[in-house]
Amino acid sequence: MSLLDLSEQEILRRESLKELRAMGIDPYPAAEYVVTDYSQNIRDEFKDDAPRKEVSIAGRLMGRRVMGKASFAEIQDSKGRIQIYIARDELCTGENKDLYNVVFKRLLDIGDFIGVKGYVFRTQMGEISVHVSELKLLCKSLKPLPIVKYKDGVAYDKFEDPELRYRQRYVDLIVNDGVKETFLKRSKIFRVMRDFFDHNGYTEVETPILQPIPGGASARPFITHHNTLDVDLYLRIACELYLKRLIVGGFEGVYEFSKNFRNEGMDRTHNPEFTCMELYVQYKDYKWMMNYTEQLLEKIATEVNGTTKVKVGDNEIDFKAPYKRITMLDAIKEKTGYDLTDKSEEEIRQVCKDLKMEAIDNTFGKGKMIDEIFGEFCEGTYIQPTFITDYPIEMSPLTKKHRDNDKLTERFELMVNGKELANAYSELNDPLDQEGRFQDQLRLSEKGDDEAMFIDQDFLRALQYGMPPVSGIGIGMDRLVMLMTGQTTIQEVLFFPQMRPEKMAPKDSDSKFLELGVPNEWIPLLRKAGYNLLADMKEVNPQKLQMDICGVNKKFKLGLTNPKVEEVTDWISKIG
RNA sequence: GACUCAGUAGCUCAGCUGGUAGAGCAACAGACUCUUAAUCUGUGGGUCCAGGGUUCGAUCCCCUGCUGGGUCACCA
């Protein structure tokens, strides 16, 4: 990288780096720096009347208030921030005051990592601080951080451009309050769930992400290719069919936190890769699973937030069990006034027309139309956790027929804040019924439904050996984290949400410039002046080009001997 | 994919129905031994997203593109 690609502040930091080395200070020391305390516990444990406590802490320098021979600074460690106080004559007890005057005041910058030793005290203004007696540079930072200042909980000059925050999440985590907390909660939610399932004797497992047949859900998959086998493989859209194979194999219960991939749209509730937790427990049914889910969610909310209530946007959601339960047809009746019970496909098509639903076309079967009506008129209205039960059979090819009505299935979805959070079944374990349902999906696919499921013959073979009665559930983890942390976009709960790749401006290589006879040291100046491609130089007046690059030479005080116009003309003449 | 808004200093943002740019913080130089958005004095820092067009002249007006946000559509 050329100096010309750097900002003024970056150049200064690199010069400071050199100066530190010249002073014999290693800006990137290898040795362990022993830390005895953290910002948080120092504040929590401080007592004004206790004897002085010596501490050794380390962190990133995040602010400096220099007042001549004494200074205050902020250190940010993994737990938070703490103020340090540095008095020149206590840091530098001898004649040489360079560590304070030169290193601390001039060569250190916001963003550098330092380690300090000293004692804890309370300042006249009442802030618990560390009185520094030793200071050591642990890592020099070469890029200036955005400066966000806080006063009374209000952020000033907040770093909030979503594009920059997501592309450079590391910066977001450093400077913006609350970002790390969201991800700590995310981690805790996973931990609480693992504890809950493990306590019940269920086993965490891992199943293939590269699948020959993308089963277990309806979605467009990502396709990849395995060279040795010379076969196309799919990134999984769900892990359901593999987990059921394990129930066939004799596990009491299995669960997986599964990264799934769906090649579909992106918005505030969808990311192409997302995390789903799936759990399957033998001998249970979907009614048991509703009770179990209520307990689980209540526990998560309590452990993560200390209360069952959480505020999301304008809504306050209460995860206290039990939750309302209503069948899908009752929900539609309640919200639209139409009772679809025992209605024929044609009658339902007419209802769709009456409801002015334009998206419906002739490829839609009965089940899909019912699902559309629900999605349009009901789904968004369930803010508090609500179980929607007994889905039409056409939409649920992996679900057992309802024990009282063979047009329906034993399925529920849990709606929270107007969105689906979980989806669960009494799992279909009749191998012949399952085969028939797959055949139905195949027909839908032939009719033009590009989301219909593929047939997985090995899964059918497993079912033929016998799968005990089992209930399974899938929970959208990203949405769960959004709910538990009060976030309204999925990007806020994913460290690195999917973005378009950053594009670099096209550049011709150095060798191409050298071929024209451009001296090596002048190439960066051409780039700085905006000539990244030979083509950029081709049409330009040699006089202007010469002036442009000589201007850069002068402006940045590079001290190069300027080329003559004839030389520049010669370069341009060689462009093919 | 459609519509819409935005892109100006390291960060947050100003910029008058067109005359090549300003503030605060950050940086640099200086003052200051209990400050805390420290303060005070001074200084530097910009391909105004990119490329076309209109114009004597474009950060500003028009077109195209890129990137992001929002809404809708599609989709768990």
Side-chain angles (χ1 to χ4, degrees), chain A residues 6-13 15-16 62-74 81-91 100 105-106 109-111 121-127 129 131 141-167 171 175-176 217-220 237-238 260 262-272 274 276 358-359 371 375 379 395 413 415 419-423 450-451 474-476 478-479 489-491 497 499-503 505-506 527-532 536 548 552 555:
Chain A
L6 300 172
S7 71
E8 181 196 26
Q9 292 191 41
E10 288 171 299
I11 293 168
L12 279 162
R13 285 183 179 218
E15 283 170 1
S16 297
M62 291 303 285
R64 241 183 333 183
R65 295 179 285 279
V66 178
M67 295 160 305
K69 298 180 190 66
S71 301
F72 288 93
E74 306 273 338
R81 285 192 187 187
I82 190 155
Q83 179 173 263
I84 60 173
Y85 174 73
I86 305 180
R88 186 192 68 182
D89 297 331
E90 284 164 82
L91 183 65
Y100 182 79
K105 275 172 67 178
R106 193 157 62 76
D109 290 291
I110 288 175
F121 75 114
R122 189 189 287 278
T123 67
Q124 287 175 10
M125 298 301 289
E127 180 151 344
S129 308
H131 191 119
S141 159
L142 296 182
K143 279 183 90 67
L145 285 168
I147 304 295
V148 181
K149 298 208 174 187
Y150 295 92
K151 186 183 185 176
D152 304 328
V154 182
Y156 296 83
D157 297 334
K158 206 165 176 190
F159 175 67
E160 58 193 354
D161 179 345
E163 179 170 6
L164 289 174
R165 285 186 53 225
Y166 302 152
R167 285 197 197 282
V171 174
V175 304
N176 284 333
S218 306
R220 283 196 292 276
I237 57 175
N260 294 344
R262 298 190 183 177
N263 205 341
E264 291 167 349
M266 294 160 53
D267 59 31
R268 60 194 335 194
T269 53
H270 298 86
N271 195 65
F274 63 100
C276 189
E358 289 154 6
D371 195 59
E379 181 168 336
M395 296 304 295
E413 290 194 355
M415 298 292 162
K419 288 264 179 206
E420 177 203 339
L421 175 64
N423 182 14
D450 59 358
E451 298 154 18
I475 297 177
D478 306 299
R479 290 185 184 175
T489 72
I490 198 169
Q491 286 80 11
M499 306 280 280
R500 274 202 169 75
E502 272 185 276
K503 269 203 294 205
R527 296 229 165 94
K528 182 71 181 175
Y531 301 97
N532 283 313
D536 296 334
D548 282 349
V552 174
K555 181 171 172 186

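Residue numbers begin at 1 in each chain, while the letters A, B, ... track the order of the sequences. What you see is a predicted model, and the numbers here were worked out from it, not measured in a lab.
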Completion exercise
Those residues at least two apart in sequence (or on a different chain) that pass ring-ring contact (aromatic ring centres under 6.0 Å, His included) with A:F72 are A:Y85
Exercise for the section: Take the protein atom CD1 of A:I490 and the nucleotide atom C1' of B:G70, then report the distance between them rounded to whole Å. Expected result: 17 Å
Exercise for the section: With heavy atoms under 4.0 Å as the rule, sort A:R262 into base, sugar-phosphate or nothing. Expected result: sugar-phosphate
Fill in the blank from the handout: Expected string for nucleotides 1-12 of chain B under the B/S/- scheme (protein heavy atoms, under 4.0 Å, primed atoms plus P, OP1, OP2 as sugar-phosphate) is ---------BSS
Fill in the blank from the handout: Rounded to whole Å, the CE-P distance (A:M62 to B:C25) equals 18 Å
Exercise for the section: Could you check whether A:R81 gets within reach of a base, just the sugar-phosphate, or nothing at all, counting any heavy atom under 4.0 Å? Expected result: nothing
Problem - Nearest-Å distance for atom pair CZ/C1', residues A:R268 and B:G69 - result: 10 Å
Handout entry: Options B:G69, B:A73, B:U71, nucleotide nearest the side-chain atoms of A:P162
Key = B:G69
Practice task
Considering only atom P, compute the distance from B:G1 to B:U12 and round it to an integer number of Å.
Solution key: 28 Å
Practice task
To the nearest 0.5 Å, tell me how far A:N260 CG sits from A:I237 CD1.
Solution key: 8.0 Å
Practice task
Between B:A21 and B:C16, how far apart are the C1' atoms? Round to whole Å, please.
Solution key: 13 Å
Handout entry: Between B:A9 and B:G22 - P atom distance, rounded Å
Key = 14 Å
Exercise for the section: Kindly indicate whether the side chain of A:V171, heavy atoms from C-beta on, has any atom under 4.5 Å from the side chain of A:P146. Expected result: yes
Exercise for the section: Using a 4.0 Å heavy-atom cut-off across all strands, classify A:R479 as base, sugar-phosphate, or nothing. Expected result: nothing
Practice task
Could you pull out all residues at least two apart from A:L142 that satisfy side chain to side chain contact (heavy atoms under 4.5 Å, CB included)?
Solution key: A:R13, A:R14, A:L17, A:Y28, A:K140
Polar-atom pairs under 3.5 Å, protein N or O versus N or O of nucleotides 33-36 of chain B: list them with distances, or write none.
from	atom 1	to	atom 2	distance (Å)
B:U33	OP2	A:K69	N	3.3
B:U33	O2	A:Y85	OH	3.2
B:U33	O4	A:D89	OD2	2.8
B:C34	O2'	A:Q124	OE1	2.2
B:C34	O2'	A:Q124	NE2	3.4
B:C34	O2	A:Q124	N	2.7
B:U35	O2	A:R65	NE	2.7
B:U35	O2	A:R65	NH2	3.3
B:U35	O2	A:Q83	OE1	3.3
B:U35	N3	A:Q83	OE1	2.9
B:U35	N3	A:Q83	NE2	3.0
B:U35	O4	A:Q83	NE2	2.7
B:U35	O4	A:T123	OG1	2.8
B:U36	O4'	A:R65	NE	3.2
B:U36	O2	A:Q83	OE1	3.3
B:U36	O2	A:E127	OE1	3.0
B:U36	N3	A:E127	OE1	2.7

Problem - Strand partner of B:U47, provided both Watson-Crick or wobble distances fall under 3.5 Å - result: none
Handout entry: Counter-base of B:C61, judged by Watson-Crick or G-U geometry with both distances under 3.5 Å
Key = B:G53
Handout entry: Test side chain to side chain contact (heavy atoms under 4.5 Å, CB included) applied to A:A73 - qualifying residues, sequence neighbours left out
Key = A:L61, A:R64, A:I84, A:F104
Exercise for the section: Could you state the atom-to-atom distance from OH of A:Y166 to P of B:U67 in whole Å? Expected result: 18 Å
Handout entry: Protein-nucleotide distance (A:K105, atom NZ; B:C28, atom P), rounded to Å
Key = 12 Å
Exercise for the section: Tell me which nucleotide among B:C32, B:C25, B:A27 gets nearest to the side chain of A:K149. Expected result: B:C25
Fill in the blank from the handout: Quick note, side-chain hydrogen bond (donor to acceptor under 3.5 Å, both in side chains) partners involving residues 145-164 of chain A, not counting sequence neighbours, are A:E163-A:R167
Handout entry: Whole-angstrom distance between B:G18 and B:G24, as gauged at atom C1'
Key = 28 Å
Practice task
Using the P atom on both, measure B:G65 against B:A14 and round to a whole Å.
Solution key: 27 Å
Problem - Base-pairing assignment for B:U12 (Watson-Crick or G-U wobble, both under 3.5 Å) - result: B:A23
Handout entry: Nucleotide B:C32, atom P - distance to OH of A:Y100 in whole Å
Key = 11 Å
Problem - Spacing of the C1' atoms in B:G44 and B:C56 (rounded, Å) - result: 33 Å
Practice task
For B:G69 versus B:A31, give the span between their C1' atoms, rounded off to a whole number of Å.
Solution key: 45 Å
Problem - Any residue meeting side-chain hydrogen bond (donor to acceptor under 3.5 Å, both in side chains) with A:Q83, in chain and number order, not counting sequence neighbours - result: A:R65, A:S129
Practice task
Please state whether the phosphate of B:A27, meaning OP1 or OP2, lies under 4.0 angstrom from any side-chain nitrogen or oxygen of A:R64.
Solution key: yes
Exercise for the section: Report the base-pairing partner of B:G1 (Watson-Crick or G-U wobble, both distances below 3.5 angstrom), or none. Expected result: B:C72
Practice task
Please answer whether the main-chain N or O of A:L421 pairs with a side-chain N or O of A:R479 as donor and acceptor at a distance below 3.5 Å.
Solution key: no
Practice task
Answer with base, sugar-phosphate or nothing: what part of the nucleic acid does A:R167 contact at a heavy-atom distance below 4.0 Å?
Solution key: sugar-phosphate
Handout entry: Euclidean distance for C1', B:C32 against B:G42 (whole angstrom)
Key = 16 Å
Problem - Identity of whatever pairs with B:U67 - Watson-Crick or G-U, under 3.5 angstrom - result: B:A6
Practice task
Decide yes or no for A:I147 and A:I110: does some side-chain heavy atom of the first lie under 4.5 Å from some side-chain heavy atom of the second?
Solution key: yes
Practice task
Mind checking side chain to side chain contact (heavy atoms under 4.5 Å, CB included) for A:R88 and listing every partner two or more places apart, or none if nothing turns up?
Solution key: A:K69, A:K97, A:Y100, A:N101
Exercise for the section: List for me each residue that meets side-chain hydrogen bond (donor to acceptor under 3.5 Å, both in side chains) alongside A:Y166, sequence neighbours excluded, and say none if there are none. Expected result: A:E492
Fill in the blank from the handout: RNA chain B nearest-nucleotide lookup for A:A422 and A:L12: closer to the 5′ end is A:L12
